[in-house]
Amino acid sequence: MFAATTRLVHRCPAWRRRSYATAAPGAANFQVFNRNVKLMQKDRAASQVETSRTVDYLKDEVAARVADRLADIKRDFKTVVDLGSGCGHIVKHVDNEMMGKLIMCDMSEQALRRDADNYAPVEVERRVVDEEHLPFEEDSLEAVVSSLSMHWVNDLPGALIQVRKALIPDGVFVGALFGGDTLFELRTSLQLAELERESGVSPHVSPMTDSSDIARLLSRAGFTLTTVDVDEIVVDYPSMFELMEDLKAMGENNAVLSRRPIIKRDTLMAAASIYKELHGNPDGTVPATFQIIYMIGWKPSPTQPLPKKRGSATQSLKDVLED
């Protein structure tokens with residue numbers, strides 16, 4: 001596992017960590033997110049066509065990196081499923097050398113249809129699909145990709161199991177989701193402001209999984225040859241308020257079941273001041289850090305390479321390094 005940082009100069013609330021370390025694969029987790037609220041948020045964002053297009057910068061960037069990882073797999077996929085496709089971020093970064101057809105799946109029909117008239121370099125099929133309840137038959141898919149969608153799934157281990165079951169033997173899953181360090185600047189600023197103004201902290205934030213859990217989750221879901229790496233993308237905003245406006249326009253605003261519907265104005269003003277004081281840039285802008293966890297997993301197959309048995313080496317690593 002490695003981490004890298006990219007800064008995007010551009011003009012969502014924040015996330016706490018959610019640990020799956022002790023969750024049994026396929027077990028029903030407690031409900032964290034209101035999926036109906038999330039659907040309404042995505043529908044509302046996509047219905048504001050021009051506004052939502054102006055905030056595609058983050059999802060387009062991450063989708064490009066997911067597509068690059070799929071392109072590194074030198075296979076001619078006939079069909080690839082894009083799980084949680086949104087308005088179509090992966091499709092902007094694929095071509096007919098990577099695949100013949102892309103099936104875009106999202107719970108929001110509004111999002112699926114926003115750019116349906118745009119040119120696509122491959123054949124595209126759009127399906128309304130809830131990521132928590134996949135409709136695909138077992139052993140039916142060559143590849144599944146998912147870019148910045150699965151962090152809103154209540155039962156992430158169960159979702160990964162469903163993906164693995166739907167793949168053919170030696171099929172591949174390539175995914176990306178927000179990690180627990182995403183928007184730590186906003187999270188700490190809101191917490192400090194609420195402690196100061198309201199003498200407590202309320203759930204304005206959505207929990208995200210930690211990067212250390214993902215490799216274990218993939219293995220326990222039945223994937224092999226797993227790979228996990230982490231990026232940090234830092235985006236500069238004029239202030240905290242533009243950041244929160246962009247989050248809403250992305251459809252990435254808070255959907256926690258126990259969330260408060262509003263934040264008091266004086267608390268927001270205090271949070272913006274704290275944000276700028278603690279994290280602000282010299283030019284007056286404020287940075288927002290997005291931690292992106294990338295993962296690759298393969299469905300087991302007899303044709304896959306297996307690790308050598310312990311003790312079967314014929315040469316020591318020390319001798320190789322000394323040469």
Side-chain angles (χ1 to χ4, degrees), residues 1-4 6 56-106 111-112 115 118-127 129 131 134 136 139-151 153 156 159-160 162-179 211 214-215 217-219 221-231 233 290 292-301 303-305:
M1 183 185 297
F2 65 90
T6 302
D56 280 347
Y57 55 90
L58 181 64
K59 293 187 177 182
D60 284 350
E61 176 67 24
V62 176
R65 301 182 188 194
V66 172
D68 283 346
R69 285 163 170 79
L70 184 66
D72 288 340
I73 300 170
K74 303 303 181 183
R75 288 190 181 181
D76 184 15
F77 296 107
K78 294 181 180 178
T79 302
V80 175
V81 168
D82 181 6
L83 190 59
S85 63
C87 299
H89 307 283
I90 291 285
V91 73
K92 298 177 184 179
H93 304 286
V94 301
D95 55 47
N96 54 19
E97 293 185 358
M98 294 170 61
M99 66 189 70
K101 179 179 179 180
L102 183 69
I103 301 177
M104 291 172 50
C105 300
D106 200 274
L112 285 171
D115 295 335
N118 289 3
Y119 165 78
V122 297
E123 180 185 351
V124 174
E125 177 183 344
R126 291 172 170 83
R127 298 187 190 179
V129 172
E131 299 97 318
L134 301 188
F136 304 104
D139 299 331
S140 64
L141 305 177
E142 298 173 89
V144 175
V145 296
S146 181
S147 182
L148 296 187
S149 170
M150 299 188 80
H151 53 277
V153 171
L156 183 55
L160 290 172
Q162 290 185 67
V163 170
R164 190 260 302 162
K165 287 182 176 179
L167 289 168
I168 62 174
D170 205 32
V172 65
F173 169 65
V174 183
L177 48 71
F178 286 126
S211 58
I214 293 297
L217 281 176
L218 288 170
S219 296
F223 287 99
T224 61
L225 305 176
T226 59
T227 304
V228 176
D229 61 281
V230 180
D231 273 347
I233 298 177
F290 297 87
I292 316 296
I293 305 173
Y294 300 91
M295 50 189 159
I296 301 176
W298 297 80
K299 184 166 181 173
S301 167
T303 63
Q304 287 174 347

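Just so it is clear, the values below take in all heavy atoms, side chains as well, and ignore hydrogens, waters and symmetry mates. When a residue number appears, it is its place in the shown sequence, counting from 1.
- Residues L141 and T79 fail the side-chain proximity criterion, which asks for heavy atoms closer than 4.5 Å.
- With hydrogens and angles ignored, the 3.5 Å screen pairs a side-chain donor or acceptor of Q162 with a backbone N or O of L134.
- More than 12 heavy atoms of other shown residues, nucleotides or ligands fall within 6.0 angstrom of atom NZ in K92.
- A heavy-atom distance below 4.5 Å is not found between the side chains of L102 and E123.
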Checklist entry - For V80 and V122, what are the C-alpha separation, side-chain angles and deciding distance, and is it a side chain to side chain contact (heavy atoms under 4.5 Å, CB included)? => result CA-CA 11 Å; V80 175; V122 297; over 6 Å; no

Checklist entry - Given the rule in the side chain to side chain contact (heavy atoms under 4.5 Å, CB included) test, do F223 and L167 qualify, once you have shown the distances and angles that lead to the verdict? => result CA-CA 10 Å; F223 287 99; L167 289 168; 3.9 Å; yes

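- The pair E125-K101 counts as a salt bridge, with a side-chain nitrogen and a carboxylate oxygen less than 4.0 angstrom apart.
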Next on the checklist: Does F173 form a side chain to side chain contact (heavy atoms under 4.5 Å, CB included) with M295? I'd like the steps, not just the answer.
Outcome noted: CA-CA 8 Å; F173 169 65; M295 50 189 159; 4.1 Å; yes

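- Under the 4.5 Å side-chain criterion, counting only non-hydrogen atoms from C-beta, S85 is in contact with L112.
- Using a cut-off of 4.0 Å between Lys/Arg side-chain N and Asp/Glu carboxylate O, E61 and K59 are scored as not salt-bridged.
- The existence of a salt bridge linking K299 and D139 is confirmed by a sub-4.0 Å separation between a basic side-chain nitrogen and an acidic carboxylate oxygen.
- Across every non-hydrogen atom of G86 and D106, the tightest pair is N-OD2, 2.8 Å.
- With hydrogens and angles ignored, the 3.5 Å screen pairs no side-chain donor or acceptor of E142 with any backbone N or O of F77.
- Without hydrogens or angle criteria, T224 side chain to W298 main chain gives a donor-acceptor distance under 3.5 Å.
- In terms of heavy atoms, S147 sits closest to V62 at OG-CG1, 3.6 Å.
- Under 4.0 Å is where a charged nitrogen must lie from a carboxylate oxygen, and between R75 and D170 at least one such pair does.
- Within the 3.5 Å criterion, the main-chain N or O of M104 finds no donor-acceptor partner in the side chain of R126.
- Remark: of the listed residues D82, D115, D60, D60 is the sole one forming a side chain to side chain donor-acceptor pair (under 3.5 Å) with H89.
- Closest heavy-atom contact between V91 and A120: CG2-CB, 4.1 Å.
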Next on the checklist: If you apply the rule side chain to side chain contact (heavy atoms under 4.5 Å, CB included), what do you find for V66 with H93, and how did you get there?
Outcome noted: CA-CA 9 Å; V66 172; H93 304 286; over 6 Å; no

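- To the nearest 0.5 Å, atoms CG (D231) and CD1 (I293) are separated by 11.0 Å.
- Of all the heavy atoms in A221 and L160, the pair that sits closest is CB-CB, 3.8 Å.
- Between M98 atom CE and D72 atom CG the span is 9.0 Å, to the nearest 0.5 Å.
- Among L218, I214, I296, L217, the single residue meeting the side chain to side chain contact (heavy atoms under 4.5 Å, CB included) criterion with T226 is L218.
- A donor-acceptor contact closer than 3.5 angstrom links the side chains of S149 and E131.
- Residues I103 and V129 are not in side-chain contact: their nearest non-hydrogen atoms beyond the backbone lie 4.5 Å or more apart.
- The cationic group of R69 lies under 6.0 Å from the six-membered ring centre of Y294 and within 45° of the ring axis, placing it in a cation-pi geometry.
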